[in-house]
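Working notes, structure below.
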Amino acid sequence: MTSDSELLVPLHVAYIKSLGENKDDLVYHMTAHLRLNAIYWGLTALCIMNQKEALDREEMIGFVMSCWDDEAGGFGAHPDHDAHILATLSAIQILVIQDALDRIDIPRVVKFILSLQQPSGVFAGDSFGEVDTRFSYCAVNALSLLGKLSELDVEKTVAYIRSCKNFDGGFGACIGAESHAGQVFVCVAALAILDRLDEVDHETLAWWLAERQLPNGGLNGRPEKLEDVCYSFWVLSALSILQKLSWIDSDKLSSFILSAQDPDSGGIADRPGDMVDVFHTLFGVAALSLLGYPGLVDLDPVYCMPASVIEAKGLRKSWQA
Ligand SMILES: CN(C(=O)[C@H](Cc1cnc[nH]1)NC(=O)OCc1ccccc1)[C@@H](Cc1ccccc1)C(=O)N[C@@H](Cc1c[nH]c2ccccc12)C(=O)NO
Ligand SMILES: [Zn+2]
């Protein structure tokens, strides 16, 4: 069966292109609240497969700008949705990849992002105030892409992330929350951007991350949980930043990811036999790129964007080989 041994690039490109076409089916409307994030996932997956031109650049930029919430000074995930830091990061990532940052009012967006920092140092996702280390990462990543990190209170931001570090070397969503691979990714990536990886217990955390690999080759997000393709990226990205990628069995992980492909319609699911979606398609090819799968474009593990784009902005850190 071909899907077990190779990445079906043409099928995945066709799958991503088809997403914007069937506007009638239920899934399209059920995911309206994630639309701008889904465009970032599709565009980045295409870049990794070296097929960036498969989606129309002007149409994409037009949709991003239609998500601008002028009252808040940020982006929502869909036209007429309230501004949220997650959607704002996706918008900035898309515009940077499309070299179209000149379309936005950078000082307005910076003001929106900084307005979300709480006295504790953590960031809220929007004016309703839900806090999470994910949102701290969004703020640090976005400000860095905008070249405005100098406007961030770095000490306060780092202090909160430090307070979320657990005895297993991992990080949680907030103080006292258990370690989770997704939260480890956002905390380690934020610290990498801020050049503060000294805050991480490298050996302890690398051991906890390597422990995520199961006999079937897949990775889970927490002890005792099921393997899931997207955790391949969260775990590999953090290990790559700690320069300990060799602690994972790459061949077994690659085979697991390839076995989660749909050999008929294209796309990658969270595990073999499940429904594919654009989220797991991105994080599957992103993990394969970090594993050096032949023919894939290099991905920057911190920003989850093409390495060439990050290099061109002078953002790759000294810690990287
Ligand atoms: C809201 N999401 C999730 O909660 C997923 C659900 C899931 C997928 N597989 C198992 N569960 N969980 C998830 O993304 O967890 C990883 C995670 C958790 C915390 C921080 C970072 C990553 C997913 C969407 C989703 C919902 C349901 C099924 C598939 C995808 C999602 O949007 N995740 C976020 C995770 C994320 C990636 N990069 C980030 C940067 C900052 C903050 C969050 C993210 C995302 O991709 N934003 O662009
Ligand atoms: Zn998943």
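Ligands are counted one by one from 1 in listed order, and the atoms in each one are counted from 1 as well.
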* Would you kindly say whether Asp228 and His280 are connected by a side-chain donor-acceptor distance under 3.5 Å? => yes
* To do: Flag the pair Arg222 and Glu178 as a salt bridge only when some basic side-chain nitrogen lies within less than 4.0 angstrom of an acidic carboxylate oxygen.
  => yes
* Donor on one side chain, acceptor on other, His12 and Gln261, under 3.5 Å -> yes
* Structure fact -> atom 17 (C) of ligand 1 sits nearest the protein heavy atom Gly182 CA, 3.7 Å
* Asked: Nearest to atom 5 (C) of ligand 1, what protein heavy atom do you find, and at what distance?
  -> Phe279 CZ, 4.3 Å
* **salt_bridge(Glu155, Arg196) N-O dist < 4.0 Å** => yes
* Considering only the protein, which heavy-atom contact is closest to atom 44 (C) of ligand 1, and what is its distance? -> Leu86 CD2, 4.3 Å
* Asp270 to ligand 1, any heavy atom closer than 4.0 Å -> no
* Kindly indicate whether atom 22 (C) of ligand 1 is approached by any protein heavy atom to under 4.0 angstrom. => yes
* To do: Using a strict cut-off of 4.0 Å, indicate which atoms of ligand 1 neighbour a heavy atom of His280.
  => 8 (C), 9 (N)
* Structure fact -> min-distance protein heavy atom vs atom 37 (C) of ligand 1 -> Trp234 CH2, 3.2 Å
* Could any protein non-hydrogen atom be found less than 4.0 Å from atom 46 (O) of ligand 1? -> yes
* **Taking every non-hydrogen atom, the tightest pair across Val302 and Ala189** => CG1-O, 3.6 Å
* Using 4.0 Å as the upper bound for N to carboxylate O, is an ion pair formed by Lys244 and Glu203? -> yes
* How is the N/O/S atom of His280 that comes nearest to the Zn ion (ligand 2) named? -> NE2
* **Heavy-atom closest pair, residues Ala307 and Arg316** => CB-NH1, 3.5 Å
* Under 4.0 Å from atom 14 (O) of ligand 1, is there any protein heavy atom? -> yes
* **Pair Tyr160, Thr133: side-chain N/O donor-acceptor within cut-off below 3.5 Å** => no
* Heavy atom of protein closer than 4.0 angstrom to atom 3 (C) of ligand 1 -> no
* Asked: Who's the nearest protein heavy-atom neighbour of atom 26 (C) of ligand 1, and how far?
  -> Leu34 CD1, 4.4 Å
* Hey, do the aromatic rings of Phe123 and Phe135 have their centres closer than 6.0 Å? -> no
* Quick one: nearest non-hydrogen protein atom to atom 43 (C) of ligand 1, plus distance? -> Arg134 CD, 3.5 Å
* To do: Identify, by atom number and element, the atoms of ligand 1 in contact range of Val186, meaning under 4.0 Å from any of its heavy atoms.
  => 20 (C), 21 (C)
* To do: Could you find the nearest protein heavy atom to atom 39 (C) of ligand 1 and give me its residue, atom name and distance?
  => Tyr137 CE2, 4.4 Å
* Asked: Hey, which atoms in ligand 1 end up nearer than 4.0 Å to a heavy atom of Asp228?
  -> 9 (N), 10 (C)
* Is_contact(atom 7 (C) of ligand 1), protein non-hydrogen, under 4.0 Å -> no
* Evaluate the 4.0 Å heavy atom contact test for atom 28 (C) of ligand 1: does a protein atom fall under the cut-off? => no
* To do: Report yes or no: does Asp228 have an N/O/S atom closer than 2.8 Å to the Zn ion (ligand 2)?
  => yes
* Asked: So, are Glu58 and Arg103 salt-bridged, with charged N and O less than 4.0 Å apart?
  -> yes
* Structure fact -> If we number the atoms of ligand 1 from 1 as shown, the ones under 4.0 Å from a heavy atom of Cys138 are 41 (C), 42 (C)
* Would you check whether Trp41 reaches within less than 4.0 Å of ligand 1, judged by its heavy atoms? => yes
* Structure fact -> Shortest non-hydrogen pair, Arg108 vs Ala72, comes out as NH2-C, 4.0 Å
* Trp41 and Phe279 aromatic ring geometry - parallel, tilted or perpendicular at 30°/60° bounds -> perpendicular
* **Distance flag, aromatic centroids of Tyr137 and Phe185, threshold under 6.0 Å** => yes
